[in-house]
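These notes are about the structure you will find just below.
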Amino acid sequence: MKAPRFAYEKPQSLDAAIRLLADGGDGAKLIAGGQSLGPILNFRLAQPELLIDIRTLPELRTVRDEGDAVFLGAGTTHAAIEDGRVCDPTRGLLSAVARTIAYRAVRNRGTLGGSLAHADPAADWVNLMALLDAEIVARGPSGERRLHAAAFVRGPLTTDLAADEIITGVSVRKLSGRARWGQYKFNRKPGEFAEAIGGFVHDPELGMARALVGAIGDAPYVVADAMRLDEPAMHDAVSRAGFADGTYEHQIHFAALKRATAQARGA
Amino acid sequence: MTLSLSVNGTPVEAQVEPRTSLADALREHLMLTGTNVGCEHGVCGACTVLIDGAPARSCITLAVACDGADVRTIEGLDEDPVATALREAFAAEHALQCGYCTPGMLVTARDIVLRLPDAGEPRVREELAGNLCRCTGYVGIVRAILRVLAERKTAG
Ligand SMILES: Cc1cc2nc3c(=O)[nH]c(=O)nc-3n(C[C@H](O)[C@H](O)[C@H](O)COP(=O)(O)OP(=O)(O)OC[C@H]3O[C@@H](n4cnc5c(N)ncnc54)[C@H](O)[C@@H]3O)c2cc1C
Ligand code: FES
Ligand code: FES
């Protein structure tokens with residue numbers, strides 16, 4: 001189908017975009033890469049009055065070293081992360097996950113910020129940023145806020161973001177040379193949204209051991225103290241994430257977590 | 001809105017509504033019907049074109065978002081050496097039947113050849129996951145791409 005009619009603005013600065021968004025009220029919507037919004041508009045699931053194009057805003061394209069973390073601008077594309085064109089503070093995890101998102105033609109335009117704001121429970125960044133305990137940086141008329149990625153998603157397609165706030169980027173902690181990670185995505189075909197995501201990160205220098213049961217139809221389920229995560233504990237985590245023992249969903253989420261953990265532990 | 005961009009190396013202007021997709025602007029305003037439209041939600045790959053040198057879905061990219069961009073469609077790849085080698089390989093390997101997927105397939109194939117010169121069959125298949133072909137069963141397409149990759153390796 002074809003998109004409904006709407007007006008279109010391309011502000012030249014982040015402040016101008018925030019003003020347009022605040023003034024536009026319920027009818028205004030941001031567009032970045034358009035790789036989630038494009039299909040939604042074509043299906044007419046959303047009928048905004050005004051689209052505010054933030055894809056090329058320089059403020060959202062910055063990548064900077066914050067000392068113990070790296071700030072990745074919201075406008076960073078999946079492909080830029082895949083190619084290592086921007087710094088990867090996780091020593092390869094971001095880039096490995098980026099390659100599994102959609103298809104190259106989608107990754108060339110889809111952005112980190114758009115993916116997080118859209119908050120599909122099966123989206124790869126939504127789950128990975130929760131695993132990494134990253135901070136999402138948002139700016140609105142009353143200033144800047146930093147939100148924990150693990151608490152950012154409230155539920156399917158619902159986040160903590162206010163209607164007049166824009167995600168400016170994500171602050172991802174630098175993993176040390178001793179860090180080990182693993183991530184496993186179940187899908188029927190490369191590039192599709194996940195049926196299950198398992199994740200595990202252990203960094204002794206940061207005192208960090210976290211596990212993820214992801215793509216659960218809701219906000220990601222994170223085990224914040226996963227130092228001694230053995231198989232029974234993994235089984236338990238998947239049950240606590242909301243899947244009844246013995247179901248197909250329990251099995252694939254358990255398998256994803258087990259594979260991620262094995263990858264991290266070099267097994 | 002007035003859209004100005006470069007299409008296949010020529011500066012063009014078109015009057016489009018903000019809701020017009022790049023695919024519709026190309027096909028219906030600029031009469032470049034080589035770009036095909038299938039699913040209109042980013043899944044099938046038929047509409048894949050190059051925007052500033054990188055493959056993108058023209059069905060879920062707004063034309064107005066391409067103001068000032070350099071767009072290249074299948075019509076603009078006639079002289080391109082990689083696309084030429086791919087066209088020959090597609091013919092030799094029976095990599096098309098109805099041809100609906102072929103323009104998008106060639107844009108993706110060209111990207112694979114240029115970006116991943118060392119790709120083997122599993123990687124080529126992974127990269128092709130975003131371009132659906134309802135006719136060929138992919139075997140010929142994969143062979144054609146592998147053939148061009150091999151030719152370029154021996155040519156150095
Ligand atoms: C065929 C296909 C397959 C896909 N497969 C996957 C997959 O396997 N895994 C996956 O994770 N994703 C997948 N995606 C989604 C893709 O990753 C999108 O690129 C991404 O979800 C949205 O990013 P965008 O920049 O295109 O955002 P847009 O589509 O432009 O916007 C999405 C939403 O976010 C809002 N928004 C955008 N930027 C900001 C910002 N900075 N601050 C606040 N709000 C903002 C918009 O208002 C809109 O509501 C797929 C998409 C397609 C078309
Ligand atoms: S028509 Fe664009 S991806 Fe199918
Ligand atoms: S040749 Fe018919 S769809 Fe590919």
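When reading the values below, keep in mind they use all heavy atoms of this one structure, side chains included, and skip hydrogens, waters and symmetry mates. Residue numbers begin at 1 in each chain, while the letters A, B, ... track the order of the sequences. Computed from a predicted model, the values in this text were never measured in an experiment.
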(message) Under 4.5 Å from any heavy atom of chain A, what part of B:Ile112 do you find: side chain, backbone, both or neither?
(response) neither

(request) Sort out for me which of A:Ala105, A:Ala3, A:Ala102, A:Gly34 touches chain B most, counting heavy-atom pairs under 4.5 Å. (result) A:Ala105

(request) For residues 88-106 of chain B, pull every pair meeting side-chain hydrogen bond (donor to acceptor under 3.5 Å, both in side chains), keeping only residues two or more places apart or in separate chains. (result) B:Glu93-B:Arg147

(request) Go through B:Ile51, B:Ile60, B:Val49 and name the one with the most non-hydrogen pairs under 4.5 angstrom from chain A. (result) B:Ile60

(request) Could you tell me which portion of B:Leu62 (side chain, backbone, both or neither) has an atom closer than 4.5 angstrom to a non-hydrogen atom of chain A? (result) side chain

(request) Could you list the residues that satisfy side-chain contact (heavy atoms from CB on, under 4.5 Å) with A:Ala46, not counting sequence neighbours? (result) A:Ile40, A:Pro48

No hydrogens needed, just list the donor-acceptor pairs between chain B and chain A under 3.5 Å.
residue: B:Glu17; atom: OE1; partner: A:Arg5; partner atom: NE; Å: 2.7
residue: B:Arg19; atom: NH1; partner: A:Ala3; partner atom: O; Å: 2.9
residue: B:Asp24; atom: OD1; partner: A:Lys2; partner atom: NZ; Å: 3.1
residue: B:Asp24; atom: OD2; partner: A:Lys2; partner atom: NZ; Å: 2.9
residue: B:Glu40; atom: O; partner: A:Asn42; partner atom: ND2; Å: 2.9
residue: B:Glu40; atom: OE1; partner: A:Met1; partner atom: N; Å: 3.0
residue: B:Glu40; atom: OE2; partner: A:Lys2; partner atom: NZ; Å: 2.6
residue: B:Pro55; atom: O; partner: A:Asn108; partner atom: ND2; Å: 2.8
residue: B:Cys59; atom: O; partner: A:Asn42; partner atom: ND2; Å: 3.2
residue: B:Glu126; atom: OE1; partner: A:Arg99; partner atom: NH2; Å: 2.8
residue: B:Glu126; atom: OE2; partner: A:Arg99; partner atom: NE; Å: 2.9
residue: B:Glu126; atom: OE2; partner: A:Arg99; partner atom: NH2; Å: 3.4
residue: B:Ala129; atom: O; partner: A:Lys189; partner atom: NZ; Å: 3.0

(request) Check each atom of A:Leu41 against the heavy atoms of chain B and say whether the ones under 4.5 Å are side chain, backbone, both or neither. (result) neither

(message) Using a 4.5 angstrom heavy-atom cutoff, name the option from A:Pro4, A:Gly38, A:Pro39, A:Gly191 with the most pairs to chain B.
(response) A:Pro39

(request) Measure across B:Ala129 and A:Pro190 and return the closest heavy-atom pair with its distance rounded to 0.1 Å. (result) CB-O, 3.4 Å

(message) Tell me every residue that passes side-chain contact (heavy atoms from CB on, under 4.5 Å) with A:Ala17, counting only those two or more places apart in sequence or in another chain.
(response) A:Pro11, A:Ile52, A:Ile54, A:Leu57, A:Ile166

(message) Looking only at heavy atoms and a cut-off of under 4.5 Å, which of B:Val43, B:Val37, B:Val64 has the most pairs with chain A?
(response) B:Val64

